[in-house]
Colleague: 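This structure is in structure tokens; I'll ask about it shortly.
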Protein chains: 2
Amino acid sequence: MKNNIQQLRKAMHLSQEDLAAKTDVSRQTINSIETGKFDPSLPLVFKLLKTLDVSLEELFIFEE
Amino acid sequence: MKNNIQQLRKAMHLSQEDLAAKTDVSRQTINSIETGKFDPSLPLVFKLLKTLDVSLEELFIFEE
DNA sequence: TTATAATGTAAAGTAAACTTTACATGTCAA
DNA sequence: TTGACATGTAAAGTTTACTTTACATTATAA
């Protein structure tokens, strides 16, 4: 699973800490997702979509 | 987080076991998600969307 | 130069997703 | 009535998501 979180976050001029606050997780969680350590949970996915104002397909690239 | 998995699954005439096989999880996992015990992981969400041929918003209703 | 912000990472712990095995129940066809 | 199928649930275990605390690095502003 790849994602465009970092790119979209920067386009909105948000720090990892800013995005973490807006999505109710820790900065390390955002960092770990951006750097591919794990995938977000479904509730966090919904918060990320809303905050970054994109669709699921725009945010994630699913690879078997 | 509510979901319409059961309704959509039945509309496609699939058993929980069928859907489990198509999405590479156990029958109990499908059952637990349908009965609201937990939410699917992101990779499983993608498989469910593809198998049930719906969008994220059609399959899940996010509630804070 | 010093301080501050942003990022990456690590370790140890908790919580949630998912597994296998197992059992109980209802429905329906033979 | 018997047997097969579909569903719900439970227990115990593993894996993944997420937490807090902490430290290191880089860039930039005062």
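In the text below, chain A, chain B and the rest are named by the order of the sequence lines, each starting its count at 1. The structure presented is a predicted model; accordingly, all values stated were derived computationally and were not measured.
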Colleague: Indicate the atoms forming the closest heavy-atom contact of B/Asn3 with B/Ile5, along with that distance.
Modeller: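 Heavy-atom minimum between the residues: OD1-N, 3.0 Å.
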Colleague: Using whole Å, report how far CZ of B/Phe46 lies from C1' of C/dA17.
Modeller: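 Computing the B/Phe46:CZ to C/dA17:C1' distance gives 17 Å.
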Colleague: Do the side chain of B/Asp18 and the main chain of B/Ser15 share a donor and acceptor less than 3.5 angstrom apart?
Modeller: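 Answer holds: yes.
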Colleague: Write down the distance between CD (B/Glu34) and P (D/dT9), rounded to a whole number of angstrom.
Modeller: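 Taking CD of B/Glu34 and P of D/dT9, I get 11 Å after rounding.
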Colleague: Walk me through whether A/Asp39 and A/Phe60 qualify under side chain to side chain contact (heavy atoms under 4.5 Å, CB included).
Modeller: CA-CA 10 Å; A/Asp39 297 322; A/Phe60 299 99; 5.9 Å; no
Colleague: Strictly distance-based, threshold 3.5 Å: is any side-chain N or O of B/Arg27 a donor or acceptor partner for the main-chain N or O of B/Gln16?
Modeller: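 No: the side chain of B/Arg27 does not pair with the backbone of B/Gln16.
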Colleague: Working to the nearest 0.5 angstrom, can you tell me the gap between B/Lys22 NZ and B/Leu52 CG?
Modeller: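 Reported to 0.5 Å precision, the distance equals 10.0 Å.
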Colleague: If I take atom CD1 from residue A/Ile61 and atom CG from residue A/Leu56, how far apart are they, to the nearest 0.5 angstrom?
Modeller: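 It is 11.0 Å, given to the nearest 0.5 Å.
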Colleague: For B/Arg9 and D/dA6, is the shortest distance between a side-chain N/O and OP1 or OP2 below 4.0 Å?
Modeller: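 The answer is no; no side-chain N or O of B/Arg9 sits under 4.0 Å from OP1 or OP2.
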Colleague: Rounded to the Å, how far apart are B/Phe38 CZ and D/dA10 P?
Modeller: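 My rounded result for the distance is 13 Å.
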Colleague: Which parts of residues 50-59 of chain A get close to DNA chain C, meaning a heavy atom less than 4.0 angstrom away?
Modeller: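 Per residue number, the list is empty: none.
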Colleague: Taking the nucleotide of DNA chain D with the closest heavy atom to each, which residue, B/Pro43 or B/Lys10, is nearer the 5' end?
Modeller: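 Upstream on the strand: B/Lys10.
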Colleague: Assess whether atom CD of A/Glu17 is packed by more than 12 heavy atoms of other residues, nucleotides or ligands within 6.0 Å.
Modeller: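 12 or below, so no.
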Colleague: Does B/Thr29 put a side-chain nitrogen or oxygen below 4.0 Å from OP1 or OP2 of C/dT19?
Modeller: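 For C/dT19, OP1/OP2 do have a side-chain N/O of B/Thr29 under 4.0 Å.
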Colleague: Give a yes or no on this: more than 12 heavy atoms of other residues, nucleotides or ligands lie within 6.0 Å of atom NZ of A/Lys50.
Modeller: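 No.
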Colleague: Ignoring backbone atoms, establish whether A/Asn31 has a side-chain N or O less than 4.0 Å from OP1 or OP2 of C/dT7.
Modeller: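 For A/Asn31, the contact criterion (side-chain N or O under 4.0 Å from OP1 or OP2 of C/dT7) is not met.
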Colleague: CG of B/Leu49 to CG of B/Leu8: how many Å apart, nearest 0.5 Å?
Modeller: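 If I round to the nearest 0.5 Å, the distance is 10.0 Å.
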Colleague: What's the CG-P distance between B/Leu44 and D/dT15, to the nearest Å?
Modeller: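 In whole Å, D/dT15 P lies 18 Å from B/Leu44 CG.
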Colleague: Respond yes when some side-chain nitrogen or oxygen of A/Ser41 is under 4.0 Å from OP1 or OP2 of D/dC18, and no when none is.
Modeller: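 So the side-chain polar atoms of A/Ser41 do come within 4.0 Å of the phosphate oxygens OP1 or OP2 of D/dC18, strictly under.
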Colleague: Counting just side-chain N and O atoms, does B/Ser32 come under 4.0 Å of either OP1 or OP2 of C/dC18?
Modeller: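 No, outside the criterion.
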Colleague: Would you name the heavy atoms of B/Gln6 and B/Glu34 that are closest together and state the gap between them?
Modeller: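 B/Gln6 and B/Glu34 have their closest heavy atoms at CA-OE2, 3.4 Å.
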Colleague: Which whole-number value in Å describes the distance from A/Ile5 CD1 to C/dA6 C1'?
Modeller: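 To the nearest whole Å, that distance equals 17 Å.
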Colleague: What is the distance, to the nearest angstrom, from the CD1 atom on A/Ile33 to the P atom on C/dG8?
Modeller: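 Checked: the CD1 to P distance equals 13 Å.
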Colleague: What parts of residues 12-28 of chain A reach DNA chain C, counting only heavy atoms under 4.0 Å away?
Modeller: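 Close to the strand are A/Ser15, A/Gln16, A/Arg27, A/Gln28.
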Colleague: Describe, in one word, how the ring planes of A/Phe46 and B/Phe62 are oriented to each other, choosing from parallel (under 30°), tilted (30 to 60°) and perpendicular (over 60°).
Modeller: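 Ring orientation, 0 to 90° scale: parallel.
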Colleague: Rounded to whole angstrom units, what separation is found between the CG atom of B/Leu42 and the P atom of D/dA17?
Modeller: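 So the two atoms are 9 Å apart, to the nearest Å.
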Colleague: When the distance from NZ of A/Lys37 to P of D/dA17 is rounded to whole Å, what number comes out?
Modeller: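 From A/Lys37 NZ to D/dA17 P: 13 Å.
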Colleague: Is a donor on one side and an acceptor on the other found under 3.5 Å between the side chain of A/Glu58 and the backbone of A/Ser55?
Modeller: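 Pair found, side chain donor or acceptor close to backbone of A/Ser55.
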Colleague: Rounding to 10 degrees, work out the angle separating the end axes of the helix from C/dT1-D/dA30 to C/dA30-D/dT1 (five pairs an end).
Modeller: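 The value is 30°.
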